Amino acid sequence: MEIVVVADFEEMSERAAADIITLLNEKPDSLISLAAGSTPTGTLNRLVEAQSQEKVDFSQAIFVGLDEWVGMDRTDEGSTQHYLYDTFFLPAQIREDQIFFFDAKAADLEQECQKIDRLIEEHSGLDLVLLGIGVNGHLGLNEPGVSLELTSHVMDLSETTKQVGQKYFAQETKLVRGITLGCQHFVDADKVILIANGEAKAKAVAGMVQGEITSDLPASVLQKHMNAIGYIDQAAASLLEQAQ
Ligand code: GLP
């Protein structure tokens, strides 16, 4: 994994968007998974702008959901689908037939995991994953303690994620489990872009880069990836040895 320390949120977003545009221009029918959350908003806004300026064309790309809170769908404010539709799919005019999500309201969540695993297999793997990182080092909803060899799966949320996740909701919301792509999907993806900003992420970022590869900090699995890049702002990089 390569780490690029950038000045701030703006530069992080600019660099991540530029990489995604380059990849799309090389492979317009890419299979892409995009994180929701606070971190990707600047990146996604730039992608929408680039498409409106005809610098990139997403019309052949396929999008697969990274994760979702179990029990929620697009109609729930605070769900990852709600965020991605609002921030990217609708403004970028992505068609419904280009979008595949876990149905996190389904009775049979195992079947949903198989559905998404099959889709990824049929496309010979993910071309690009845009990831954020949780303050506890999670990727998607792969929480500390997860097996790093899993593909799609359902996971009990950590107390940290239950609390931090409240920021996505207007009122207090019970968060119990998540359905998510697995760390093996990220390791197998052609390219991974991880973005992180702000001091709250500094400990997780240091663990991801400098610690051992451990399920206690799932993002550390990216150390194995030969084509992963992290755009980390100075605050989030403040505990990295080379940034001291
Ligand atoms: C959330 C999501 C992740 C996201 C991470 C960081 O809980 N499940 O996919 O990347 O935590 O979120 P944020 O960008 O809001 O800090």
Side-chain angles (χ1 to χ4, degrees), residues 6 8-10 12-13 16-17 20 32-47 63-74 76-88 101-102 104 116 126 128-146 150 152-170 172-183 185-186 189 192-205 207-208 217-222 228-233 235-237:
V6 295
D8 52 19
F9 182 82
E10 297 307 316
M12 176 196 80
S13 306
I20 296 170
I32 301 174
S33 188
L34 301 171
S38 320
T39 318
T41 306
T43 306
L44 299 177
N45 289 342
R46 281 166 173 78
L47 294 179
F63 296 91
V64 57
L66 173 67
D67 56 13
E68 190 54 276
W69 310 109
V70 166
M72 293 193 197
D73 65 17
R74 185 181 161 182
D76 295 293
E77 266 185 63
S79 69
T80 66
Q81 291 174 71
H82 189 277
Y83 168 88
L84 284 171
Y85 270 91
D86 248 30
T87 314
F88 182 67
F101 268 102
F102 295 111
I116 295 295
L126 287 150
L128 170 71
V129 188
L130 175 68
L131 292 172
I133 183 171
V135 294
N136 62 359
H138 75 200
L139 294 178
L141 288 170
N142 288 274
E143 296 280 52
V146 72
L150 287 177
S152 300
H153 63 105
V154 176
M155 183 145 207
D156 290 341
L157 300 175
S158 67
E159 289 309 314
T160 305
T161 297
K162 288 176 188 174
Q163 279 166 25
V164 176
Q166 297 303 321
K167 68 177 172 172
Y168 307 123
F169 299 92
E172 200 172 327
T173 302
K174 198 164 192 266
L175 302 171
V176 182
R177 290 186 299 161
I179 184 165
T180 182
L181 298 188
C183 288
H185 281 135
F186 311 143
V192 173
I193 301 173
L194 183 136
I195 48 178
N197 71 294
E199 216 182 320
K201 301 291 174 70
K203 202 166 161 225
V205 166
M208 168 178 76
L217 203 148
S220 62
V221 77
L222 295 178
I229 190 157
Y231 293 114
I232 314 293
D233 87 339

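Each ligand, and each atom within it, is numbered from 1 in the order the structure gives. Basis for what follows: all heavy atoms, side chains included, without hydrogens, waters or symmetry-related copies. Since the structure is predicted, the reported quantities are computational estimates derived from the model, not experimental observations.
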Practice task
Run the numbers for me: atoms of ligand 1, each under 4.0 Å from some heavy atom of L66, listed by number.
Solution key: 9 (O)
Handout entry: CE-CG distance between M155 and D67, expressed to the nearest 0.5 angstrom
Key = 13.0 Å
Practice task
Rounded to the nearest 0.5 Å, what's the gap from OG1 on T161 to CD on Q166? Could you check?
Solution key: 11.0 Å
Problem - For atom 4 (C) of ligand 1, closest protein heavy-atom neighbour - result: A36 O, 3.9 Å
Practice task
Using atom types as modelled and distance alone, determine if a side-chain donor or acceptor of N142 lies under 3.5 Å from a backbone N or O of L181.
Solution key: yes
Exercise for the section: Please indicate whether any nitrogen or oxygen in W69 is less than 3.5 Å from any nitrogen or oxygen in ligand 1. Expected result: no
Handout entry: Min heavy-atom dist L131 to ligand 1 below 4.0 Å
Key = no
Problem - Subset of ligand 1 atoms that lie under 4.0 Å from at least one heavy atom of G37 - result: 14 (O), 15 (O)
Exercise for the section: For atom 13 (P) of ligand 1, grab the closest protein heavy atom and report residue, atom and distance to one decimal in Å. Expected result: Y168 OH, 3.4 Å
Handout entry: Separation of L194 CG from L222 CG (nearest 0.5 Å)
Key = 6.0 Å
Problem - Worked verdict on D76 versus W69 for side chain to side chain contact (heavy atoms under 4.5 Å, CB included) - result: CA-CA 10 Å; D76 295 293; W69 310 109; over 6 Å; no
Exercise for the section: Mark the output for G140 as yes if a heavy-atom distance to ligand 1 is under 4.0 Å, and as no if none is. Expected result: yes
Practice task
If the plane angle is over 60° it's perpendicular, under 30° parallel, otherwise tilted; pick one for F88 and F63.
Solution key: perpendicular
Handout entry: Heavy-atom nearest neighbour in the protein, as seen from atom 6 (C) of ligand 1, with distance rounded to 0.1 Å
Key = I133 O, 3.5 Å
Fill in the blank from the handout: The reported gap from CD in E159 to CG in N136 (rounded to nearest 0.5 angstrom) is 11.0 Å
Practice task
Give the residue, atom name and distance (to 0.1 Å) of the protein heavy atom nearest atom 11 (O) of ligand 1.
Solution key: H138 NE2, 2.8 Å
Fill in the blank from the handout: Of S33, G132, G165, the one whose closest heavy atom lies nearest atom 10 (O) of ligand 1 is G132
Practice task
Can you sort out which atoms of ligand 1 are near D67, meaning under 4.0 Å from one of its heavy atoms?
Solution key: 2 (C), 3 (C), 8 (N), 9 (O)
Practice task
Check whether any heavy atom of T80 sits under 4.0 Å from an atom of ligand 1.
Solution key: no
Handout entry: From CD (Q163) to CG (L157), nearest 0.5 Å
Key = 12.0 Å
Fill in the blank from the handout: In this structure, atom 16 (O) of ligand 1 is nearest to the protein heavy atom K201 NZ, 2.6 Å
Problem - Under-4.0 Å heavy-atom contact with ligand 1, by part of T39 that carries it - result: both
Fill in the blank from the handout: Between A196 and V205 the two heavy atoms that sit nearest each other are CB-CG2, 3.9 Å
Handout entry: Residue K167 vicinity, atoms of ligand 1 by number, heavy atom under 4.0 Å
Key = 13 (P), 15 (O), 16 (O)
Problem - Nitrogen or oxygen of T161 less than 3.5 angstrom from that of ligand 1 - result: no
Exercise for the section: Please test E68 against R74 for salt bridge (Lys or Arg N to Asp or Glu O under 4.0 Å), starting from the C-alpha separation and ending with a verdict. Expected result: CA-CA 10 Å; E68 190 54 276; R74 185 181 161 182; over 6 Å; no
